[in-house]
Amino acid sequence: MVRIRLTTDFAERIGGISSVELDAATVEYALRALTCLHPALGPLIWRKEGTINPVLVVFVNDEHVGPDALGRRLEPGATIDIIPAVAGG
């Protein structure tokens, strides 16, 4: 099992759930499984063409994972954090 931790913005869209545990072999599979379980998160995580939303930052076990590393294999017990990027000026 892997654990996906969600920020408040994401959790509010699915009834306040702040983390989800599921079986997944890769980062992409975990994110796709998450959006199957909670379709309201789909438009936040995925673009219409099926690529990850570029405004998200994904971490696996506190290590940044770029969009080109979604195929990264996950070990049991891994933790994924999905964080919307913050812009400022």
Side-chain angles (χ1 to χ4, degrees):
M1 298 286 270
V2 298
R3 182 178 190 196
I4 301 177
R5 295 187 295 201
L6 305 169
T7 62
T8 302
D9 294 343
F10 285 74
E12 287 175 349
R13 294 186 182 247
I14 59 171
I17 298 169
S18 61
S19 70
V20 175
E21 290 192 4
L22 43 82
D23 287 317
T26 67
V27 175
E28 181 174 6
Y29 187 82
L31 297 178
R32 293 208 183 272
L34 173 67
T35 55
C36 284
L37 286 172
H38 299 286
L41 298 178
L44 298 175
I45 296 175
W46 303 107
R47 296 168 74 182
K48 289 182 182 181
E49 61 272 7
T51 58
I52 194 161
N53 189 334
V55 302
L56 295 180
V57 180
V58 178
F59 292 88
V60 174
N61 297 331
D62 299 321
E63 179 184 332
H64 179 257
V65 176
D68 57 333
L70 293 179
R72 176 181 171 165
R73 300 214 40 89
L74 297 171
E75 296 295 325
T79 300
I80 299 172
D81 294 290
I82 307 168
I83 303 168
V86 178

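For the single chain, residues carry numbers from 1 onward in sequence order.
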Connected via hydrophobic side-chain network under 4.5 Å: [X] and [Y]:
X: Ile52; Y: Leu34; answer: yes
X: Leu70; Y: Val2; answer: yes
X: Ile83; Y: Trp46; answer: no
X: Ile4; Y: Phe59; answer: no
X: Leu22; Y: Leu41; answer: yes

Paired with Leu74, the side-chain contact (heavy atoms from CB on, under 4.5 Å) test is passed by just one of Thr79, Val60, Thr26, namely Val60
Provide the closest heavy-atom pair for [X] versus [Y] in the form atom of the first, atom of the second, distance.
X: Pro39; Y: Cys36; result: CD-O, 3.8 Å
X: Ile17; Y: Val20; result: CG2-CG2, 4.0 Å
X: Ala78; Y: Asn61; result: CA-OD1, 3.5 Å
X: Arg47; Y: Pro54; result: CD-CD, 3.4 Å
X: Thr35; Y: Arg32; result: OG1-O, 3.1 Å
X: Ala11; Y: Ser18; result: CB-CA, 4.1 Å

Can you find a pair of side-chain heavy atoms, one from [X] and one from [Y], that are under 4.5 Å apart?
X: Arg3; Y: Met1; value: no
X: Val27; Y: Val58; value: yes
X: Phe10; Y: Thr7; value: yes
X: Val65; Y: Val57; value: no

Report the residues that fulfil salt bridge (charged side-chain N to carboxylate O under 4.0 Å, His left out) with Glu63, sequence neighbours left out, ordered by chain and then residue number.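 With sequence neighbours excluded, Glu63 shows a salt bridge (charged side-chain N to carboxylate O under 4.0 Å, His left out) to Arg72, given in chain and number order.
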How many angstroms lie between atom [atom1] of [X] and atom [atom2] of [Y], to the nearest 0.5 angstrom?
X: Asp81; Y: Asp62; atom1: CG; atom2: CG; answer: 6.5 Å
X: Leu56; Y: Leu44; atom1: CG; atom2: CG; answer: 7.5 Å
X: Ser19; Y: Ile80; atom1: OG; atom2: CD1; answer: 12.0 Å

